[in-house]
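Take a look at the structure below.
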2 protein chains.
Amino acid sequence: MGETLETRELAHFLVVADELHFGRAATRLGIAQPALSRTIQKLERRLGVVLFDRGSRGVTLTPPGRVLAGEARHALAAVQAAARRTRRAATATPHLVLAMKAGGDFGLLPPILAAYAHEPESLPVRVVFAAERAQLLRDGRADAALLFDPADDLHGFRTETLRRDGRMAVLPASHPLAHRASLRLADLPAGYLPGPGDEPSRRPAEDAAGRRPAPATVAELLQLVALGQTIALVPRSLPAAMPLRPDLTGVPVLDAAPVTLVLAWPAHTTSPARAALARPVATVRTGGEAAGCPATA
Amino acid sequence: MGETLETRELAHFLVVADELHFGRAATRLGIAQPALSRTIQKLERRLGVVLFDRGSRGVTLTPPGRVLAGEARHALAAVQAAARRTRRAATATPHLVLAMKAGGDFGLLPPILAAYAHEPESLPVRVVFAAERAQLLRDGRADAALLFDPADDLHGFRTETLRRDGRMAVLPASHPLAHRASLRLADLPAGYLPGPGDEPSRRPAEDAAGRRPAPATVAELLQLVALGQTIALVPRSLPAAMPLRPDLTGVPVLDAAPVTLVLAWPAHTTSPARAALARPVATVRTGGEAAGCPATA
DNA sequence: TCGGCCGATACCCTCCGGGCATGGGCGAAA
DNA sequence: TTTCGCCCATGCCCGGAGGGTATCGGCCGA
């Protein structure tokens, strides 16, 4: 009764929880449907819990099933992270992987990396660009990431604050609001898209309804603004890393919640090379008011 | 090459990493030694990494092996937490488990629980006493815990500050320093034991050398003080929950690092009942100066 | 040099995971 | 109401992974 679950069981369960259809889930897993049914049944018996309601009108997650879906995702990410980090620890050419979005450093990264290179334990740093930086960090594909505090999910990470920043609206230079010195949220027309760092963690390539997803990069977002399709809310420091094209204008939004740019890393890692990466941040940080106040808020 | 590791492999690996001896590890696992050897070999082949140095003078972890040991512990804790939380989500009588050390609430818990009981989503709360509260939280045996900030490992937890507090030395009333109004760390004789919340996370029942471990509870610690075997450094609010016996005296230590008592819970849980537990904390909190500043420091 | 410790190898067996065929419940269509 | 069809469960078989016993081989200490 108390044996530990196997990762295969959790992975198979997650696919069923995702598809809510044993047949399709089995296809996705490359196995036959009966085998999958039995795996789930055994999992349910082992847990002593019914995970799915099998109505003839399809399959539904029970409340405990919903709990397991969330927990299983975390557990599997932890297992994958174990494999990835172990492999990378054995690499002949050790290095750190830093995940960020293009322009997502407000121009602060170059001096940090320069200072880091002088640290005694420093390693070469490879920068990767990705929207799902938090996920990369969780499953071991990255050693550190530049994240935004209220927008990204910082749970389980340790962080060092780089900069706390207000927001501004980016609009076409021809927009009626473009000449204003400042704005309030109420001034903005309804339906503007979120700014960088507000993206949802899961971003399907395409909606079930076929709608296009929100833009994944700041460049895409600003492109949409230039096309007059939206208004963007971005950190005021953004132009330091990515100047606005001339046909766009930035106007501070006074009452938009501020964003905090942080350097984040998995809480339990112990690499001295990674620890040294946090050190130069303190010297580079500008305008930081929450020094030493870690995240996980 | 890229398949995910199985929990059984990780568990077996951890025992070998702990024992550094295949034979003993196999016995602990209840299997024969050859099977264990093969499991580890397969794990190494799958990862493409050598995890152990097999010298004839015993077995040693390689550096990547040490990485995997840390990662595997976290991954397995996550898997076990998944099972525990799922089972408890299916319980007929839902409730929350709150882990603490006896006296570890500074007397603040009763009003919190009283206020919590009036929250709309509240559940019955079962309090369990344990030294390894953080571990209980990590593997799903508890839903929340009262932890001490610099002492406990708060990585991966969300927290709500209950109280920040200086420390005092507890000494026998007959001790030469007992009449002082205040002390500094330099005044204390070398070799005093840590106070509550300074305990290491792993506490073997007995040393390899056979020495007794540090006391696990405050009551044990104060007992040792009364016996003149040590001096204790405890939070100044401790007597609010656990009055000092008359033959003991508390003297503030001005330059000892303050302790922060926090309510902690796993970062990614989503139970509304658990979320409601954090709410009364804000109303009960006294002397808190770091409100809203979360942990993970 | 020899015996003992300890991990690796060889070989066998059992059982678990998976495949195929089929049963059975339930809703929708006729 | 009957029938068709979708979809999950069940029955049965097979291959392989995991485990057990016996044994080898390297290394150290006596």
Side-chain angles (χ1 to χ4, degrees), chain A residues 1-62 64-65 68-69 72 76 79 83, chain B residues 1-62 64-65 68-69 72 76 79 83:
Chain A
M1 175 75 72
E3 317 106 27
T4 62
L5 314 178
E6 282 302 322
T7 63
R8 183 187 42 80
E9 296 176 309
L10 294 178
H12 287 197
F13 163 77
L14 274 185
V15 176
V16 178
D18 190 36
E19 294 282 349
L20 291 179
H21 189 292
F22 280 74
R24 282 196 299 275
T27 307
R28 257 179 65 182
L29 288 165
I31 65 175
Q33 168 261 320
L36 181 56
S37 282
R38 276 183 308 234
T39 298
I40 302 299
Q41 285 173 31
K42 174 181 293 189
L43 181 60
E44 292 180 319
R45 249 180 297 120
R46 185 175 304 190
L47 286 168
V49 169
V50 177
L51 298 171
F52 293 101
D53 280 328
R54 282 93 157 165
S56 61
R57 207 83 210 87
V59 180
T60 325
L61 274 171
T62 63
L68 184 59
L76 284 185
V79 171
Chain B
M1 172 82 66
E3 317 110 27
T4 61
L5 313 179
E6 283 301 323
T7 62
R8 183 187 42 78
E9 297 176 308
L10 294 178
H12 287 197
F13 163 78
L14 273 186
V15 176
V16 178
D18 189 37
E19 292 282 349
L20 292 180
H21 187 293
F22 280 73
R24 281 193 300 275
T27 306
R28 257 180 64 181
L29 289 165
I31 64 174
Q33 168 260 320
L36 182 55
S37 282
R38 276 176 310 201
T39 298
I40 302 299
Q41 286 173 31
K42 173 183 294 190
L43 181 59
E44 290 181 319
R45 250 180 296 121
R46 184 174 305 189
L47 286 168
V49 169
V50 178
L51 299 171
F52 293 102
D53 281 328
R54 283 92 156 165
S56 61
R57 207 82 210 86
V59 180
T60 326
L61 274 171
T62 62
L68 184 60
L76 284 185
V79 171

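In what follows, every chain begins at residue 1, and chains take the letters A, B, ... in the order their sequences are listed. Values in this document were obtained by computation on a predicted structure and should not be read as measured data.
In this structure, NZ of Lys42(A) is placed 11 Å from C1' of dG18(C), rounded to the nearest angstrom. In this structure, Leu20(B) atom CG and dC6(C) atom P are separated by 13 Å, rounded to whole Å. Phe52(B) places its CZ atom 10 Å from the P atom of dG7(C), with the value rounded to the nearest Å. Per the geometry, CZ belonging to Arg54(B) stands 17 Å off P belonging to dC28(D), to the nearest Å. As a whole-Å value, the separation of Glu6(B) CD from dG19(D) C1' is 16 Å. Whole-Å rounding puts the Glu19(A) CD to dC8(D) C1' distance at 15 Å. One can place NE2 of His12(A) at 13 Å from C1' of dC16(C), the figure rounded to the nearest angstrom. Distance CG (Asp53(B)) to P (dG7(C)): 13 Å, rounded to an integer number of Å.
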Report task. Please report the C-alpha distance between Thr4(B) and Leu76(A) in whole Å, then the side-chain angles of each, then the deciding distance to 0.1 Å, and finally whether the side chain to side chain contact (heavy atoms under 4.5 Å, CB included) criterion is met. Result -> CA-CA 9 Å; Thr4(B) 61; Leu76(A) 284 185; 5.7 Å; no
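In this view, Glu9(B) and Leu5(B), Glu6(B), Thr39(B), Lys42(B), Leu43(B), Arg46(B) satisfy the side-chain contact (heavy atoms from CB on, under 4.5 Å) rule, not counting sequence neighbours. Judged as a salt bridge (Lys or Arg N to Asp or Glu O under 4.0 Å), and not counting sequence neighbours, the contacts of Arg28(B) are Asp18(B), Glu19(B). For the side-chain contact (heavy atoms from CB on, under 4.5 Å) test, residues two or more places apart in sequence or in another chain that qualify with Thr62(B) are Val50(B), Asp53(B), Pro64(B). Ser37(A) is linked by a side-chain hydrogen bond (donor to acceptor under 3.5 Å, both in side chains) to Gln33(A), counting only residues two or more places apart in sequence or in another chain. In this structure Ala32(A) satisfies the side-chain contact (heavy atoms from CB on, under 4.5 Å) test together with Pro34(A), sequence neighbours excluded.
Checking the phosphate oxygens (OP1, OP2) of dA9(D), a side-chain nitrogen or oxygen of Ser37(A) falls inside 4.0 Å. The shortest distance between the side-chain N/O atoms of Thr39(A) and the OP1/OP2 oxygens of dG18(C) is below 4.0 Å.
Nearest-nucleotide assignment on DNA chain C puts the 5′-proximal partner with Glu9(A), out of Pro34(A) and Glu9(A).
Picking from dC8(D), dG18(C), dT9(C) the nucleotide with the shortest atom distance to the side chain of Gln41(B) gives dT9(C).
For the segment residues 21-33 of chain A, residues with any heavy atom less than 4.0 angstrom from an atom of DNA chain C are, sorted by number, Gly30(A), Ile31(A), Ala32(A).
Using a 4.0 Å heavy-atom criterion, one finds that Arg8(B) contacts the sugar-phosphate atoms exclusively.
Relative orientation of the Phe52(B) and Phe13(B) rings is tilted, given thresholds of 30° and 60° on the angle between their planes.
Judged by atom type and distance alone, Arg38(A) does not reach the base of dG17(C) through any side-chain donor-acceptor pair under 3.5 Å.
Closest approach of Phe22(B) to Leu36(B), counting heavy atoms only: O-CD2, 3.5 Å.
Considering only heavy atoms from C-beta on, Leu68(B) comes within 4.5 Å of Leu47(B) through its side chain.
Across its full length, the helix from dT1(C)-dA30(D) to dA30(C)-dT1(D) shows an angle of 20° between the axes of its 5 terminal pairs at either end, rounded to 10 degrees.
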